[in-house]
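Below is one structure, written out as structure tokens, with a few remarks after it.
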Amino acid sequence: MTVQAQSTLDAAGAALDRAVAWLREHQTADGWWKGNMETNVTMDAEDLLMRQFLGIRTAEQTAASARWIRSKQRDDGTWAAFHGGPADLSTTVEAYLALKLAGDGVDAPHMAAARRYVVSHGGLESTRVFTRIWLALFGEWPWQLVPVIPPEIVFLPPSAPLSLYSFGCWARQTVVPIAVLRALQPRRRLGVSLAELRAGSPPPTPPRALSVPGLFHLLDRQVLIGYERHPIRPLRRLALARCAEWMIARQEADGGWGGIQPPWAYGLMALDALGYPLDHPVQRAALSGLDGFTVHEDSPAGPVRWMEACQSPVWDTCLAVTALADAGVAADDPALTRAGRWLVGEEIRRTGDWAVRRPGLAPSGWAFEFANDGYPDTDDTAEVILALRRIRSGAADARDRRATIGRAVRWLAGMQSSDGGWGAFDADNTSSIPAQIPFADFGAMTDPPSADVTAHVVECLCAEGMATDPVVRRGLDWLLRHQEDDGSWYGRWGANYVYGTGAVLPALVAAGLTPDDPRIRRAVRWLSAHQNPDGGWGEDLRSYRDDAWRGRGESTPSQTAWALLALDAAGAGAGAEARRGAGYLAQTQNPDGSWDEDFFTGTGFPGDFYLSYKLYRMVFPVSALGRILGRVTPAPDGDGAGAVR
């Protein structure tokens, strides 16, 4: 090894020590970690609009949110859906509306610049359906021009092509309250007008008549609109009541729905429109819970407040445990044992919507959030099991952990989809129909298997001794079938091909493929070809829409770490590319042991909605450096493993 290479590794080792100290410092007394989750300013604009709808918006909240929204405006007057991304029309319209609600004058330079962009790009007429729903709630858009989601959808059996259970869990929880609002068509006072944002654009060209979207467009415009004018009154009343019951039955312990902002906000407004007063226990709990999703910070302009679209304590904690173990922290270290006890206590033991497709499967698993017991997900469950395996503690804790892992492994295996892969929240949630309806112009509507989730589950089950089990072999076959022509894998929940490839290669090796397997070598060549000159890796979120961005973008700590984890699994952890990647992490680290990461590397809806996980910049680099430097603490024999089947 050259002197320069050794110097790089020494610097990487020092960086790892500082990062481990940072993670230790940021663990809570209860044992969990949580990084804030930033999205775009539609969360903050819609929070103000929801409060306006409910009649509870305060001047203090409005001023603080407006400061945050202004701070995210770009030099051209627009707002983007993610840091560094292109201008987004609907995001800009919602931000403009929120600032106008806050009292910003239409002739102020920042407002005039936003207005010029909106009008020149089609105006309100060209916004997405979700933005038009918000406008309709305040009379700024005709309800008649909003696609119809009849509340009678709640009566459809799960086997029906457009039942609630043909939608992904996030979509079904949003569809129900929107169906209520679309049926009741409430109109609340806004106090301002957006007339200046109308461009007089013609309505969008409808889809081709002889196509599935075209048929749904005709159904919406010629059948459902007519039924909305003259519904069967007793059936409509029953449907609205059933929708309310459906929502209330799924309210979580924190007062929210699904642990995410859209069904939470729409749920509050739908129940309000149905006559539930704000002092009703359901409404009171929902409003109180939103306080826990509100981040308050100081800025040069004054106090700001912004909303998390979701929270990730379980995900952050299991990844932090794995990172510390990868960095060589002892399996019985108090930081790991505290985290292990907390994670075991977060196991979900009740049945949720997933059981519609998997009746009879005993419940287990973990959710992403503090409270989302109706929707454990396979991705969190796999990573929690892998983390729990890295911990050693007293006999009682070990027994609890083994029993918990055993239940979770059985649930995880039972959630495999028919094609051999795993979706995040449901099995066999693969219908193509929800994406064809006029309502579906924003965000993924279903939850089909993805490479990143399937890889995490395969890796987990292999760690549990199931590498030769038919469940795992079918999962492995799914992964090999879905390798891209260039050697990479698509990343559903992280950006993008770097994330997918970083997840899959460790799973393939765990399942028995050797580093010289041609599929693995193709992936390594792809990663090597996309390393940036600074030694890091980055991938712009535009790669979800434009193949020219595949594997291309400014280097980030988390994406660099994903590439390093893949290289290490593929036997290239000691190679020149890995050393350069480790050098990038060492050179870009802050003195306090942290890394900065302004770019969003998390994915909510590919092509539409993205996330910045504030702990990704820490946990993944710590894991990657620990593995590259060979500091890994293995799973304790006889302590971490659980009963398999």
Carboxylate-amine/guanidinium contact R305 D47, below 4.0 Å:
yes
Distance to the ring centre below 6.0 angstrom and angle to the axis at most 45 degrees; does that hold for K34 and W32?
no
Are R542 and W549 in a cation-pi setup, meaning NZ or CZ lies under 6.0 angstrom from the ring centre and within 45 degrees of the ring axis?
yes
Considering non-hydrogen atoms only, spot the tightest contact between W537 and G581 and give its length.
CZ3-CA, 4.1 Å
Parallel, tilted or perpendicular: which describes the rings of F605 and F609, with under 30° parallel and over 60° perpendicular?
tilted
Presence of salt bridge, K72 and E38, under 4.0 angstrom:
yes
Using a 6.0 Å cut-off, check whether atom CD of E554 has over 12 heavy atoms from anything other than its own residue.
no
Distance, nearest 0.5 Å, that separates CZ of R116 from CG of L197
12.5 Å
Working note: L324 + R390, criterion side-chain contact (heavy atoms from CB on, under 4.5 Å); need CA distance, chi angles, decisive distance, verdict.
CA-CA 10 Å; L324 292 176; R390 308 292 290 275; over 6 Å; no
Over 60° means perpendicular and under 30° means parallel, so tell me whether F368 and W315 are parallel, tilted or perpendicular.
tilted
Closest heavy-atom pair, S543 versus Y497, reported as atoms and distance to 0.1 Å, is O-CE1, 4.3 Å
Using 4.0 Å as the upper bound for N to carboxylate O, is an ion pair formed by D534 and R580?
no
Of all heavy-atom pairs between V118 and L124, which one has the smallest distance, and what is that distance?
CG1-N, 4.5 Å
Roughly how far, to the nearest 0.5 Å, is CD of E539 from CD of Q559?
6.5 Å
Please say which of R550, R522, H530 ends up in a side chain to side chain donor-acceptor pair (under 3.5 Å) with D486.
R550
Between G258 and N372, what is the shortest heavy-atom contact and its length?
O-ND2, 3.1 Å
Decide if the gap between the ring center of Y610 and the ring center of F82 is smaller than 6.0 angstrom.
yes
Does some side-chain heavy atom of W68 sit less than 4.5 Å from a side-chain heavy atom of E297?
yes
Using a 4.5 Å cut-off on heavy atoms from C-beta on, say whether the side chain of Q261 contacts that of F293.
no
Hey, are the side chains of M307 and T294 touching, using non-hydrogen atoms and a 4.5 Å cut-off?
yes
Identify which one of D568, D326, D17 satisfies the salt bridge (Lys or Arg N to Asp or Glu O under 4.0 Å) criterion when paired with R631.
D17
Gap between atom CH2 of W489 and atom CG of D452 - 0.5 Å precision:
12.5 Å
Carboxylate-amine/guanidinium contact R552 D546, below 4.0 Å
no
Nearest heavy atoms of R492 and Y544, plus distance in Å:
O-OH, 3.9 Å
Using 4.0 Å as the upper bound for N to carboxylate O, is an ion pair formed by D608 and R545?
yes
Is a side-chain donor or acceptor of W170 paired with a backbone partner of A444 at a separation under 3.5 angstrom?
yes
Judged by modelled atom types alone, do N429 and T446 share a side-chain donor-acceptor pair under 3.5 Å?
no
Could you give me the CA-CA distance, side-chain angles and deciding distance for S558 and E597, then say whether side-chain hydrogen bond (donor to acceptor under 3.5 Å, both in side chains) is met?
CA-CA 8 Å; S558 60; E597 186 166 276; 2.9 Å; yes
Looking at every non-hydrogen atom in both residues, tell me the closest pair between A455 and A507 and how far apart they are.
O-CB, 3.2 Å
ring-ring contact (aromatic ring centres under 6.0 Å, His included) contacts touching residues 565-590 (sequence neighbours left out):
none
